[in-house]
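The basis for the numbers below is simple: all heavy atoms, side chains too, and nothing from hydrogens, waters or symmetry mates.
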Amino acid sequence: MADAPELKKAWDNRFIRFLIVGGLNTLVGYALFALLIFAGLHYSLAVFLSTLLGILFNFKTTGSLVFKHSNNRLIFKFVSGYAVVYFLNVGLLKELSVLGFNMYAAGAMLLPPMALVSYFLNSRLVFRGHP
């Protein structure tokens, strides 16, 4: 079992913080997506609403915990990054639907690539130059 200094050292690594915070954000986002699909919404609307509802939560957790930045004015860049992720996600969901995947499986399959795209956009465009 890891002791406190090892855990602190791990937390000091931005990639580790991204994985932990990203995991939490992903869990929240996918839970919202699945709930909206279960409620009968079209996948494009389910992605849109789950993304919209998760943006403020994700902005605060990603900005403050991963990139150690709390400038609220960056929300506009953050939302722009999420718009890119949204349209990419919807397009890929459509393709997977055509291939016969159900929306639950398709949404789960797209979590890792969408997380990587999101990390790239946040690290290079939104919170650029922060630890």
From [X] atom [atom1] to [Y] atom [atom2], the distance as rounded to the nearest 0.5 Å:
| X | Y | atom1 | atom2 | result |
| --- | --- | --- | --- | --- |
| His69 | Ser64 | NE2 | OG | 11.5 Å |
| Leu92 | Met109 | CG | CE | 9.5 Å |
| Asn25 | Lys60 | CG | NZ | 13.5 Å |

Could you walk me through whether Phe67 and Val126 pass the side chain to side chain contact (heavy atoms under 4.5 Å, CB included) test, one step at a time?
-> CA-CA 10 Å; Phe67 296 100; Val126 180; over 6 Å; no
In terms of hydrophobic clustering (I, L, V, M, F, W, Y; side-chain heavy atoms under 4.5 Å; direct or indirect links), are [X] and [Y] co-clustered?
| X | Y | value |
| --- | --- | --- |
| Phe87 | Val117 | yes |
| Val90 | Leu116 | no |
| Leu56 | Phe76 | yes |
| Leu65 | Ile55 | yes |
| Leu121 | Phe59 | no |

Can you check side chain to side chain contact (heavy atoms under 4.5 Å, CB included) on Asn71 and Phe127, steps first, answer last?
-> CA-CA 9 Å; Asn71 183 349; Phe127 301 106; over 6 Å; no
Linking directly or through intermediates, with side-chain heavy atoms under 4.5 Å: list the remaining ILVMFWY members grouped with Leu27, chain and number order.
->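 None; Leu27 is a cluster of one.
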Between the main-chain N or O of Ser118 and the side-chain N or O of Asn122, is there a donor-acceptor pair closer than 3.5 Å?
->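 Present.
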Please find the pair of heavy atoms, one from [X] and one from [Y], that lie closest to each other, and give the distance.
| X | Y | value |
| --- | --- | --- |
| Val66 | Arg17 | O-NH2, 2.6 Å |
| Leu24 | Phe57 | CD2-CZ, 3.8 Å |
| Met103 | Leu93 | CE-O, 3.7 Å |

Quick one: does Leu96's side chain get under 4.5 Å of Leu110's, heavy atoms only?
->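 Of all side-chain heavy-atom pairs linking Leu110 with Leu96, at least one is under 4.5 Å.
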Are side-chain heavy atoms of Thr62 and Tyr119 found at a separation under 4.5 Å?
->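 Answer no - side chains too far apart.
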What residues form a side chain to side chain contact (heavy atoms under 4.5 Å, CB included) with Ala115, not counting sequence neighbours?
->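 Counting only residues at least two positions away or on another chain, Ala115 forms no side chain to side chain contact (heavy atoms under 4.5 Å, CB included).
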Check: Phe78 ring centre within less than 6.0 Å of Tyr82 ring centre |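 Close enough - the centres of the two rings lie under 6.0 Å apart.
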Distance-only donor-acceptor pairs under 3.5 Å for side chains of residues 28-53, two or more places apart:
unit_1	atom_1	unit_2	atom_2	d
Tyr30	OH	Tyr104	O	2.9
His42	ND1	Ser44	N	3.1
His42	ND1	Ser44	OG	2.8
Ser50	OG	Ala46	O	2.9
Ser50	OG	Val47	O	3.2
Thr51	OG1	Val47	O	2.7

